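Keep in mind that the numbers below use all heavy atoms, side chains included, and drop hydrogens, waters and symmetry copies. Bear in mind the structure is a predicted one, so any value in this text is a computation, not a measurement.
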Amino acid sequence: MTFRERVLHVVSQVPRGRVVSYGQVALWAGSPRAARQVGGVLFGLREADGDVPWQRVVNARGGISTFKVGAGELQIALLRSEGVEVGEQGIDLVRWGWAPPVDAWPWAVPPPA
DNA sequence: CGTCTGACGCACC
DNA sequence: GGGTGCGCCAGAC
C-alpha cells in the first residue's frame, strides 16, 4: 500500500456534499505532515484512477488551492453542483467539513481503561 | 544512496 | 486583515 493509494482511498470516502482539507487527508492516510504530498497525488490524477472526488479536497482554511488553469473553476462548480456553498471567502469547514467514522482511525482506539 | 521540489500548514511579523 | 518564511516528506531524478 503506497502513500498514493492510501490518499486515493481516503479521498474516495469523502461523501458527496462534504469537504476535507489536505492536512486531514494526510492525517488519515497515515502521514500527518504530508499535506503537500496529498496535493501532489491529486495533481497527478488520471482517468485510470477512477472516480476520485478530488474536488472535495480544499486547504485548511476552506480555500481552493489548485493552480491548474481551469481546475479551480471546475472544482468550485463541481462542489456547488453537489450542494456545497462556496463563497468569496471559500468554504465554511465547520459547516461542510467531514470527518471519517471514529473506528476508522487506527490511532483513535482508546487505550484499555 | 543524495538533492530537489511542492493542489500545504502554521507560526510570525 | 495581509504577506513572508520555513518545516514538512513522498516521489522523481
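Residues from residues 72-85 of chain A placing a heavy atom under 4.0 Å of any atom in DNA chain B do not occur. Within residues 33-52 of chain A, the residues approached by DNA chain C to less than 4.0 Å at the level of any non-hydrogen atom are A/R33, A/R36, A/Q37, in residue-number order.
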Original post:
Which dot-bracket string describes DNA chain B (Watson-Crick N1-N3 plus N6-O4 or O6-N4, or G-U N1-O2 and O6-N3, all under 3.5 Å; [ ] crossing; | other strand)?
Top reply: .|||||.||||||

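Residues satisfying the side-chain contact (heavy atoms from CB on, under 4.5 Å) test with A/R33, not counting sequence neighbours, are none. The side-chain contact (heavy atoms from CB on, under 4.5 Å) check on A/E73 picks up nothing, with sequence neighbours excluded. Applying the side-chain hydrogen bond (donor to acceptor under 3.5 Å, both in side chains) test to A/S65 and every residue at least two apart in sequence or in another chain returns A/N59.
Distance, A/F67 CZ to B/dG6 C1': 8 Å, rounded to whole Å. Rounded to whole Å, the distance from CG on A/L93 to C1' on B/dC8 is 14 Å. As rounded to whole Å, 10 Å separates atom P of B/dC10 from atom CG of A/N59. Following rounding to the nearest Å, A/M1 (CE) and C/dG11 (P) show an atom-to-atom distance of 13 Å. Across the protein-nucleic acid pair, A/L27 atom CG and C/dC9 atom P stand 13 Å apart, rounded to whole Å. Atom-to-atom, CH2 of A/W28 to C1' of B/dC8 comes out at 15 Å; the value is rounded to the nearest Å.
Contacts classified as ring pair (Phe, Tyr, Trp, His ring centres under 6.0 Å) and involving residues 57-92 of chain A (residues at least two apart or in different chains) are given here: A/F43-A/F67. Pairs engaging residues 6-21 of chain A under the side-chain hydrogen bond (donor to acceptor under 3.5 Å, both in side chains) rule: A/S21-A/Q24 [sequence neighbours left out]. Listed by first then second residue, pairs satisfying ring pair (Phe, Tyr, Trp, His ring centres under 6.0 Å) with a partner in residues 75-95 of chain A number zero, not counting sequence neighbours. Sorted by first then second residue, the salt bridge (charged side-chain N to carboxylate O under 4.0 Å, His left out) pairs that include residues 90-99 of chain A, not counting sequence neighbours, are A/E85-A/R95. Here ring pair (Phe, Tyr, Trp, His ring centres under 6.0 Å) pairs that include residues 82-104 of chain A, with residues two or more places apart or in two chains, number zero.
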**OP:** Dump the intermediate steps for side chain to side chain contact (heavy atoms under 4.5 Å, CB included) on A/V20 and A/V11, then the final yes or no.
**Re:** CA-CA 8 Å; A/V20 290; A/V11 175; 5.9 Å; no

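Among the atoms of the strands shown, only primed sugar atoms or phosphate atoms (P, OP1, OP2) are found under 4.0 Å from some heavy atom of A/R4.
Between A/S31 and the phosphate of C/dC9, there is no side-chain N or O to OP1/OP2 separation shorter than 4.0 Å.
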Name each donor-acceptor pair under 3.5 Å that joins a side chain in residues 50-57 of chain A to protein atoms two or more places apart or in another chain, with its distance.
from, atom 1, to, atom 2, distance (Å)
A/Q55, NE2, A/E82, OE1, 3.2
A/R56, NE, A/E82, OE1, 3.4
A/R56, NE, A/E82, OE2, 2.7
A/R56, NH1, A/V14, O, 2.8
A/R56, NH2, A/E82, OE1, 3.2

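Grouping the Ile, Leu, Val, Met, Phe, Trp and Tyr side chains by contacts below 4.5 angstrom, directly or via other members, places A/L42 apart from A/V58.
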